[in-house]
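Working notes for the structure below.
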Amino acid sequence: MVVAVASTVAVVATSGAATPAGVSVTLGAMSGPVSWILLGAELPEYTNDATWDCWKPVVRDTSNTPSKGLPLRDLPCHPCVRTFECVSPTPNEPANLIARVENVWGEVFDITTLKVDGMVAAHATPRAE
């Protein structure tokens, strides 16, 4: 269901040059099921204990305090995010890919979904060039 929702949305936000109208589009596009997803889930190998900090490299948050994740709806409006684009995966990309994010430093991250404790969560990974 999340992929179907994401595939109907084009570019969600472009910060910096975003106008107030662009911001309202962002909030509207990030409402519904996609906005409920918590970003940050990572299941380390050999354990079932999820961590919730994979969003920190996207915005270069260097805090050592473990977080409880970041609601996906908050990422497009973060001042360190240049673009947030909901995408449909191509045949060469993971089927659970839902978004691509570029930060103000030009780093690009893929946002994928996964299940953690029975709920849908999201994980950010640097995009391999």
Side-chain angles (χ1 to χ4, degrees):
M1 181 165 82
V2 173
V3 174
V5 171
S7 68
T8 63
V9 181
V11 174
V12 176
T14 302
S15 75
T19 63
V23 172
S24 66
V25 168
T26 298
L27 297 176
M30 289 302 290
S31 64
V34 173
S35 69
W36 304 331
I37 296 174
L38 194 58
L39 176 64
E42 186 168 8
L43 289 171
E45 197 171 352
Y46 309 115
T47 180
N48 288 331
D49 296 329
T51 61
W52 294 94
D53 293 337
C54 73
W55 62 271
K56 289 182 177 185
V58 176
V59 297
R60 292 198 179 177
D61 181 324
T62 58
S63 65
N64 292 326
T65 306
S67 75
K68 294 183 179 181
L70 178 74
L72 190 57
R73 68 179 169 268
D74 293 349
L75 191 59
C77 299
H78 193 285
C80 295
V81 170
R82 179 178 293 149
T83 61
F84 182 101
E85 180 182 11
C86 292
V87 296
S88 295
T90 65
N92 297 330
E93 296 176 318
N96 60 341
L97 177 68
I98 60 167
R100 189 157 290 129
V101 179
E102 181 181 1
N103 63 22
V104 296
W105 299 279
E107 300 163 326
V108 179
F109 295 80
D110 283 344
I111 308 296
T112 54
T113 57
L114 68 154
K115 279 199 172 189
V116 177
D117 297 329
M119 69 176 197
V120 176
H123 179 63
T125 54
R127 176 133 174 97
E129 292 298 322

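Keep in mind that what you see is a predicted model, and the values were worked out from it rather than measured.
- Counting only distance, with no hydrogens or angles, the side chain of Asn103 and the backbone of Val58 share a donor-acceptor pair below 3.5 Å.
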Verify side-chain contact (heavy atoms from CB on, under 4.5 Å) between Glu107 and Val104, making sure each step is shown before the conclusion.
CA-CA 7 Å; Glu107 300 163 326; Val104 296; over 6 Å; no
Take Ser67 and Trp55, measure what side-chain contact (heavy atoms from CB on, under 4.5 Å) needs, and give me the verdict at the end.
CA-CA 10 Å; Ser67 75; Trp55 62 271; 3.0 Å; yes
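- Listed for the Thr113 side chain is no donor-acceptor partner under 3.5 Å among the backbone atoms of Ala121.
- For the pair Val81 and Val59, the minimum side-chain heavy-atom distance is below 4.5 Å.
- Salt-bridge check for Glu102 with Arg82: passed, with a basic side-chain N closer than 4.0 Å to an acidic carboxylate O.
- Residues Ile98 and Thr112 fail the side-chain proximity criterion, which asks for heavy atoms closer than 4.5 Å.
- Atoms OG1 and NE2, on Thr51 and His123 in that order, are 8.0 Å from each other to the nearest 0.5 Å.
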Does the pair Trp105 and Arg60 meet the rule for a side-chain contact (heavy atoms from CB on, under 4.5 Å), with working shown?
CA-CA 9 Å; Trp105 299 279; Arg60 292 198 179 177; 3.5 Å; yes
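- The two residues Ala124 and Cys54 make their nearest non-hydrogen contact at N-SG, 3.1 Å.
- Residue Ala99 comes nearest to Phe84 through the heavy atom pair CB-CZ, 3.7 Å, listed as atom of the first residue, atom of the second, then distance.
- Atoms SG and CG, from Cys86 and Leu72 in turn, are 7.5 Å apart once rounded to the nearest 0.5 Å.
- For the pair Pro66/Trp52, no side-chain contact is recorded, criterion being any heavy-atom separation below 4.5 Å from C-beta on.
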side-chain contact (heavy atoms from CB on, under 4.5 Å) between Ile111 and Val101: does it pass, once the steps are laid out?
CA-CA 8 Å; Ile111 308 296; Val101 179; 3.8 Å; yes
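- Lys56 and Ser63 are linked by a side-chain donor-acceptor pair at a separation below 3.5 angstrom, with hydrogens and angles left out of the test.
- Of the N and O atoms on the side chains of Asp110 and Thr125, not one donor lies less than 3.5 Å from an acceptor on the other residue.
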